[in-house]
Number of protein chains: 2
Amino acid sequence: MGTEERKKREKEQRRNQIIDAAEKIIFSKGLEQSTMDEIAEEAELSKGTLYLYFKNKNELYLAITKRGSTILNNQLAKIFATSHQHTGIELIRMIGQLYLDFVREHPNYFNAFIYYESLNNVEELEESEFAQTCEKHREEALNYMIRALQIGMQDGTIQDNYDPKELALVIWASTKGITTVTHMRSLGHHLEMIDEMEISVESLFESFLNLVGTGVATEEAREKGLTGSHNIETN
Amino acid sequence: MGTEERKKREKEQRRNQIIDAAEKIIFSKGLEQSTMDEIAEEAELSKGTLYLYFKNKNELYLAITKRGSTILNNQLAKIFATSHQHTGIELIRMIGQLYLDFVREHPNYFNAFIYYESLNNVEELEESEFAQTCEKHREEALNYMIRALQIGMQDGTIQDNYDPKELALVIWASTKGITTVTHMRSLGHHLEMIDEMEISVESLFESFLNLVGTGVATEEAREKGLTGSHNIETN
DNA sequence: TCACTTTCTGACTGACAGTCATTTTTAAGT
DNA sequence: ACTTAAAAATGACTGTCAGTCAGAAAGTGA
């Protein structure tokens with residue numbers, strides 16, 4: 001009989017029901033301000049039950065983080081499903097744009113990412129299946145970046161005198177830096193100086209893509225204007 | 001009589017004594033694992049006294065963060081004290097190198113920076129004099145970056161078709177992204193995949209500087225090899 | 001209906017951030 | 001030296017909350 005299977009499915013549903021509740025509470029008032037009692041109430045369960053499904057509060061938040069990273073990676077996969085239609089340098093641009101769109105559409109998940117990265121209790125992370133998945137996704141994302149660069153080196157839109165792995169890491173890290181600034185800004189979080197500068201996120205990111213574009217693009221790709229819509233004239 | 005002044009000085013000393021103790025405890029076991037009682041004991045004071053000098057635990061950690069950001073900005077200032085000896089593109093490189101050196105020498109302060117950026121309780125931050133100073137330092141750092149770019153646009157080593165403010169923000173954010181990855185890696189924190197790639201921090205950062213260098217440098221500066229020691233040959 | 005397992009409950013515990021009435025120390029006047 | 005008022009420091013106490021666990025409830029299968 002399929003009882004076993006049904007039970008597994010139900011267990012998974014409960015888990016999701018708890019994560020749903022946790023998101024509602026934590027996204028509205030922040031991790032520190034949210035109590036397990038509140039989350040339990042929102043989930044229409046008792047606090048004890050939460051601990052049957054998640055080892056502790058951090059683990060529950062990691063489950064949320066995993067959700068976010070799954071969304072992001074699915075979108076990355078979509079880009080690469082049509083990778084044959086694009087040049088390498090275009091793919092790099094598209095990945096960058098994806099991160100920007102993600103931080104705008106899912107600021108709360110992005111917050112979770114930042115929190116995740118601030119954790120430095122390595123053992124705890126290694127024990128968590130959610131953290132493991134997040135890590136796997138990160139690796140995957142980096143691999144997509146590497147592939148885009150390799151494609152670009154093949155099609156001649158990206159200089160081939162870089163080590164693609166190394167360059168991927170550099171671009172990925174820079175993209176995250178830019179995305180983080182964008183995010184912090186949208187939070188109203190400090191950095192009001194940026195507002196005073198009257199720089200829009202769009203043009204900021206455009207500059208970044210151009211910078212990366214001209215930095216890695218071949219002369220040829222640069223001349224053809226493939227590196228960005230606001231292409232830089234090489235003098 | 002100078003009693004007033006002496007008292008002020010003593011008060012400042014107490015404050016520093018507490019921050020010293022807090023650093024010892026928090027740097028060794030992390031913010032969450034550290035209790036105010038422990039810190040009080042280390043400082044040879046009672047817990048209550050800690051609260052006479054710092055509103056709460058977060059505020060105390062912000063004081064530590066401020067220390068770190070002061071160190072960083074002093075070093076930035078040093079670079080600019082001799083700015084007339086360097087071209088704009090060189091200054092950009094030096095700033096990047098400074099961040100890398102900082103994260104290596106002061107990983108604990110850098111941790112504090114990451115934590116600081118993960119806070120999203122804006123009101124609390126605005127009330128804290130320490131957070132205010134950190135914010136001021138950030139603005140200063142960005143201004144140094146802008147100046148470096150302006151110098152480079154003057155001396156012809158940096159393309160002048162970018163908005164220096166915007167570009168500064170982009171490079172600054174990217175630098176922080178790279179630095180953060182470097183830091184996380186040195187923590188043993190996830191990202192073991194980087195180890196597997198056998199990419200050294202040096203070459204990683206070198207790539208970044210080259211990327212930024214070639215992205216913003218003028219053709220002329222690129223040819224003269226001013227953008228980096230491992231200069232990229234333009235085909 | 002019974003016996004057994006799985007799931008759930010919520011009162012309880014321990015830990016810790018933050019408070020405050022009280023004590024101790026310091027500074028200045030007489 | 002004595003008094004007094006202000007400033008600094010104390011640590012026992014409180015409230016909150018993460019996490020536990022003995023027992024209740026629900027589900028399963030014979």
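Residue numbering restarts at 1 for every chain, and letters A, B, ... go by the order of the sequence lines.
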How many Å lie between [atom1] on [X] and [atom2] on [N], as a whole number?
{"X": "A:K7", "N": "C:dC8", "atom1": "NZ", "atom2": "C1'", "result": "13 Å"}
{"X": "A:K11", "N": "D:dG27", "atom1": "NZ", "atom2": "P", "result": "16 Å"}
{"X": "B:E41", "N": "D:dG11", "atom1": "CD", "atom2": "C1'", "result": "13 Å"}

Minimum heavy-atom distance between [X] and [Y], given as atom pair plus value:
{"X": "B:A131", "Y": "B:Y116", "answer": "O-OH, 3.4 Å"}
{"X": "B:Q17", "Y": "B:A43", "answer": "NE2-O, 2.9 Å"}
{"X": "A:G96", "Y": "A:T175", "answer": "CA-CG2, 4.1 Å"}

Does A:R15 qualify as a cation-pi partner of A:F54, given the criterion of NZ or CZ under 6.0 Å from the six-membered ring centre and within 45 degrees of its axis? yes

Axial cation check for B:Y99 ring with B:K176, 6.0 Å and 45° limits: no

Is the ring pair A:F102/A:F113 parallel, tilted or perpendicular, if the boundaries are 30 and 60 degrees? parallel

B:S174: side chain to side chain contact (heavy atoms under 4.5 Å, CB included) partners, not counting sequence neighbours: A:S174, A:I178, A:F208, B:V170, B:F208

Return the residues of residues 46-66 of chain A meeting this criterion: a heavy atom under 4.0 Å from some atom of DNA chain D. Order them by number, or give none. A:K47, A:Y51, A:N56, A:K57

Strand-adjacent residues in residues 21-40 of chain B, judged by heavy atoms under 4.0 Å from DNA chain D: none

Passing candidate, side-chain hydrogen bond (donor to acceptor under 3.5 Å, both in side chains) with A:E38, options A:K29, A:Q33, A:K47: A:K29

